[in-house]
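In listed order, ligands and their atoms are each counted from 1.
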Amino acid sequence: MTTEKPKRRSRAWFEKQDRDGFVHRSWTQKAGHPPDEFDGRPIIGICNTWSELTPCNSHFRELAEFVKRGVLEAGGFPLEFPVMSLGETQLRPTAMLFRNLASMDVEESIRGNPIDGVVLLMGCDKTTPALMMGAASCGLPTIGVSGGPMLNGKFRGKDIGSGTGVWMMSEMVRGGQMTQEEFTEAEGCMNRSSGTCMTMGTASTMASMVEALGMSLPGNAAIPAPDTRRNRLAQLSGRRIVKMVEEDMTMDKIMTREAFENAIRVNAAIGGSTNAVIHLLAIARRIGIELTLEDWDRIGSEMPCLVNLQPSGHYLMEDFYYAGGVPAVMREIQHVLHRDALTVNGRTIGENIEDAPCYNRDVIKPLDNPLMNNAGIAVLKGNLAPNGAVIKPSAASANLLKHRGRAVVFESIEDLRDRLDDPALDIDETCVMVLKNCGPRGYPGMAEVGNMPLPSKVLQKGISDMVRISDARMSGTAYGTVVLHTSPEAAVGGPLALVRNGDMIQLDVHERSLHLEVSNEELARRKAEWVPPAMPTRGYAKLYVEHVEQAHLGADLDFLAGSSGAGIPRESH
Ligand code: FES
């Protein structure tokens, strides 16, 4: 592979007048393209995660057509290509297991093909980081287009949010406050249009991160999927990527350290998902930006939450869009943003948000009257999490942010499900629920099971939150006093593996500490007795567990950190 990157790399395929050039041109013409369509025009790859197995991305074929329209208008040649799609609600054991695999698909599909610039069509949770990671490892001019959130869910005259409403109503059924019939009826009312979850869950958070990084046109994150302005934004993005190729506006010019710092602050201000921590760490490592777990606390934890959206607040993404969306939030916090960070439209963040209006101050709160102060992700350290764990204070109960309680330990998710509602389970609301073996290697794939359901006997007392600790992640739509991403995880012998029933655990979010009240000597004795869990023995799962990094590093595969660029591979024949 050559290291030199020509300005228009597609010419290496199409301009040669030899046998290879014949093959590349001839097989492109067979799709109905006259040769002048790829005779020097920028070739734009449209990376599509459409799949009927990913309901949140089911409208992406239509969206791609609008991108193509824009590419053609600007003088480019669009070629759409599929990559592995990751449907959060269908894929087992967890879509996160395949985020890195999909990112490899994206990276190799871009590098191996005659592509000069890329449009990423991203929607359901993991599709956004997977595409951003893969594209970052190539570094071509790239623009993100998100699928957009669904319209607000409507159930019996009230708004209900996807994900958040599921967690809430299922606990109501278990607590006896809702009937099974009502619960079933809500299924058809919650998710009623195309698009992604309309709470500030992971999909909306990551779409907001893409916008805050400067990797999409302003407004991209919040336009509802069925709103025709979403299609217009796709068309404008298609026009813009052609210009980006002409300007050689590569990803590294936009995804700078300053851009990531902006994104961390925006995540706090929108009440964004804890999953953004892992995904942004992984994306940063792909493009060579030094970003650490500690940066999240240092840069973002003292930020106020301004956006009154579920799961931290009340409203939903449709309301957020009408209120002004991400540009209005960024304008409100512009004093702490790097205003000169460049964005894909060729303007700076500061220029993009200069006149961004806010139309609803109950949805996007003013800086002097936020929804919550000090609401960014907090990073906890201590003998239970030497490499860190995270908590989202804006989704937690204020009275539990400092808590000491007796550990009730579940060795796996199956163990939790088997015993949760056992009347003999020795637990009350003062206890600390501990779930092991749900981290990157342990599940495998670090599933979203960290927001453990509460035991029925606790729910029936009207209690709705308890301190919960695990090495898992939780859905961005979830809430509670939930400590996540504990690193090192239990499956590699981290201290979490050594916790036993009856141990006392201290959580102090203000002090950023997570402490297990067990002596070092006793922990060493338990470690000597510890037996590692069995690991997958073949296929991608084997590759994954052998190479996945811990949560505090972004849970990428160790050999994927960094970039291989977009040099031209050697010919295939
Ligand atoms: Fe796809 Fe929530 S399940 S975005």
Side-chain angles (χ1 to χ4, degrees), residues 48-61 63 83-99 102 120-132 144-153 159-170 186-211 216 220-227 230 267 270-276 278-279 309-312 315-318 320-321 326 395 445-451 473-479:
N48 200 340
T49 48
W50 173 88
S51 167
E52 287 182 335
L53 291 168
T54 306
C56 307
N57 297 10
S58 62
H59 57 302
F60 278 21
R61 282 175 160 172
L63 204 58
V83 291
M84 184 182 192
S85 191
L86 306 174
E88 196 64 30
T89 51
Q90 316 291 14
L91 201 49
R92 295 184 181 190
T94 166
M96 181 64 177
L97 175 62
F98 306 107
R99 182 200 65 176
L120 304 175
L121 298 188
M122 309 175 283
C124 197
D125 296 12
K126 305 304 174 295
T127 57
T128 298
L131 268 56
M132 291 286 286
V145 176
S146 299
M150 290 180 275
L151 299 174
N152 290 1
D159 283 1
I160 49 170
S162 43
T164 306
V166 179
W167 319 132
M168 197 175 297
M169 291 187 293
S170 63
E187 282 177 18
C189 306
M190 178 175 284
N191 303 311
R192 64 188 183 91
S193 78
S194 58
T196 52
C197 290
M198 83 309 263
T199 42
M200 189 52 83
T202 303
S204 295
T205 298
M206 288 309 297
S208 301
M209 295 295 89
V210 169
E211 187 171 337
S216 72
N220 170 65
I223 304 172
D227 192 313
R230 169 70 49 197
N267 183 265
I270 62 174
S273 163
T274 47
N275 285 323
I278 291 204
H279 298 324
L309 251 62
Q310 297 179 31
S312 299
Y315 293 99
L316 297 168
M317 286 298 287
E318 191 180 341
F320 184 46
Y321 177 55
V326 171
M446 204 179 178
E448 292 185 337
V449 294
N451 56 316
R473 298 176 301 115
M474 79 170 175
S475 165
T477 60
Y479 50 87

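- Among the atoms of Cys56, no N, O or S atom falls under 2.8 Å of atom 2 (Fe) of ligand 1.
- Here the side chain of Gln310 pairs no donor or acceptor atom with the backbone of Thr199 at under 3.5 angstrom.
- Side chain of Thr164 to main chain of Ala478: no donor-acceptor pair is present (N/O by atom type, distance under 3.5 Å, no hydrogens or angles).
- Residue Ala203 has at least one heavy-atom neighbour below 4.0 Å for each of these atoms of ligand 1: 4 (S).
- The contact set between ligand 1 and Asp125, taken as ligand atoms under 4.0 Å from a residue heavy atom, comprises 2 (Fe), 4 (S).
- Numbered from 1 in the order shown, with element, the atoms of ligand 1 that lie under 4.0 Å from a heavy atom of Glu88 read 3 (S).
- When Leu91, Ile278, Leu86 are each tested for a side chain to side chain contact (heavy atoms under 4.5 Å, CB included) with Met96, only one passes: Ile278.
- Checking side-chain atoms of Thr477 against main-chain N and O of Pro311 turns up no donor-acceptor pair under 3.5 Å.
- The proximity of Cys197 to ligand 1, defined as any non-hydrogen pair under 4.0 Å, involves the side chain as well as the backbone.
- The main-chain N or O of Met446 is found under 3.5 Å from a side-chain atom of Arg473 such that the two form a donor-acceptor pair.
- Interface of Thr89 with ligand 1, defined as ligand atoms under 4.0 Å from a residue heavy atom, comprises 3 (S).
- When non-hydrogen atoms are compared, ligand 1 lies under 4.0 Å from the backbone of Cys124 as well as from its side chain.
- Side-chain atoms of Ser51 and Ser85 form no donor-acceptor pair, as typed in the model, at a separation below 3.5 Å.
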